[in-house]
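So the structure is just underneath, and the comments pick up after that.
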Amino acid sequence: MDETEFWELVDTAREDAGGDPEEQADLLVERLVRLDPEAVLDFARHFESRYHRAYRWDLWGAAWLLLGGASDDAFDYFRCWLIGQGREVFEGALHDPDALADLLDDFDEEIDGDGEDLGYAADEAYEQLTGTVAPDLELPPAPAEPEGTPLDLENEALLAERFPRLRDRFRS
């Protein structure tokens with residue numbers, strides 16, 4: 001599976017789920033089980049590598065503003081959700097996290113921002129296909145700390161200065 005196929009699966013599942021991340025995860029599992037186990041592992045590798053790329057302080061700050069706070073776990077689930085938003089939103093957020101103010105149509109704290117189930121879709125599909133747990137993906141280890149300059153996530157003035165468009169659109 002190449003990068004284009006990965007993003008097509010993510011995008012069509014999101015569109016068919018009407019943006020609901022839990023439904024999107026269910027649809028991804030349904031579609032992944034139609035593939036061979038190696039393709040499912042390829043999907044998992046694409047997902048995991050993007051998940052690690054998004055482990056950044058600036059994205060954590062954006063998540064903090066969008067979610068009204070974000071613990072370690074909440075930020076993990078936010079990164080899964082961000083991948084689930086598709087290539088344009090994901091890459092745009094990596095380039096400039098404050099651009100999420102323009103990239104997101106809307107943001108409902110009740111359903112958006114938490115894509116925990118998306119992070120397990122490939123594992124679930126692989127297990128359904130093979131009856132076994134997915135093997136190690138043989139990717140570099142996850143970073144121990146977020147990339148970039150640490151942010152004081154509880155400093156509202158600092159976050160407002162760093163992410164003015166997000167603050168104005170989602171926290172006014």
Side-chain donor/acceptor of Trp64 to backbone N/O of Leu153, under 3.5 Å: yes
Can you hop from Leu94 to Phe78 via hydrophobic side chains spaced under 4.5 Å? yes
Flag, side chain of Asp123 to backbone of Ala125, donor-acceptor distance under 3.5 Å: no
Is the number of heavy atoms from other residues, nucleotides or ligands under 6.0 Å of Glu22 CD greater than 12? no
So does Ala134 get a backbone contact from the side chain of Glu127, meaning a donor-acceptor N/O pair under 3.5 Å? no
Mind telling me whether Phe107 and Trp81 have parallel, tilted or perpendicular rings, with 30° and 60° as the class edges? perpendicular
When every non-hydrogen atom of Val33 is compared with those of Gln128, the smallest separation belongs to CG1-OE1, 3.5 Å
Got Tyr126 and Pro135 here, is their nearest side-chain heavy-atom distance under 4.5 Å? yes
Do side-chain atoms of Glu147 reach the backbone of Trp57 as a donor and acceptor pair under 3.5 angstrom? no
Would you confirm whether Asp98, through its side chain, and Arg165, through its main-chain N or O, come within 3.5 Å as a donor-acceptor pair? yes
Taking NZ, NE, NH1 and NH2 as the nitrogens, is one of them in Arg31 or Asp26 under 4.0 Å from a carboxylate oxygen of the other? no
Is the backbone N or O of Leu137 less than 3.5 Å from a side-chain atom of Arg45, with the two atoms forming a donor-acceptor pair by type? yes
Both conditions, 6.0 Å and 45 degrees, for the charged tip of Arg50 above the ring of Phe47: are they met here? no
Taking all non-hydrogen atoms of both residues into account, name the closest pair between Asp106 and Asp112 and its distance. O-OD2, 4.0 Å
Could you tell me whether Arg14 and Asp11 make a salt bridge, using a distance below 4.0 angstrom between a side-chain N and a carboxylate O? yes
Phe6 and Phe43 aromatic ring geometry - parallel, tilted or perpendicular at 30°/60° bounds: tilted
Check for a donor-acceptor pair, side chain of His46 on one end and backbone N or O of Met1 on the other, with a separation under 3.5 Å. yes
Check for a donor-acceptor pair, side chain of Glu23 on one end and backbone N or O of Asp20 on the other, with a separation under 3.5 Å. no
If we ignore angles and hydrogens, is there a donor and acceptor under 3.5 Å between the side chains of Tyr51 and Asp76? yes
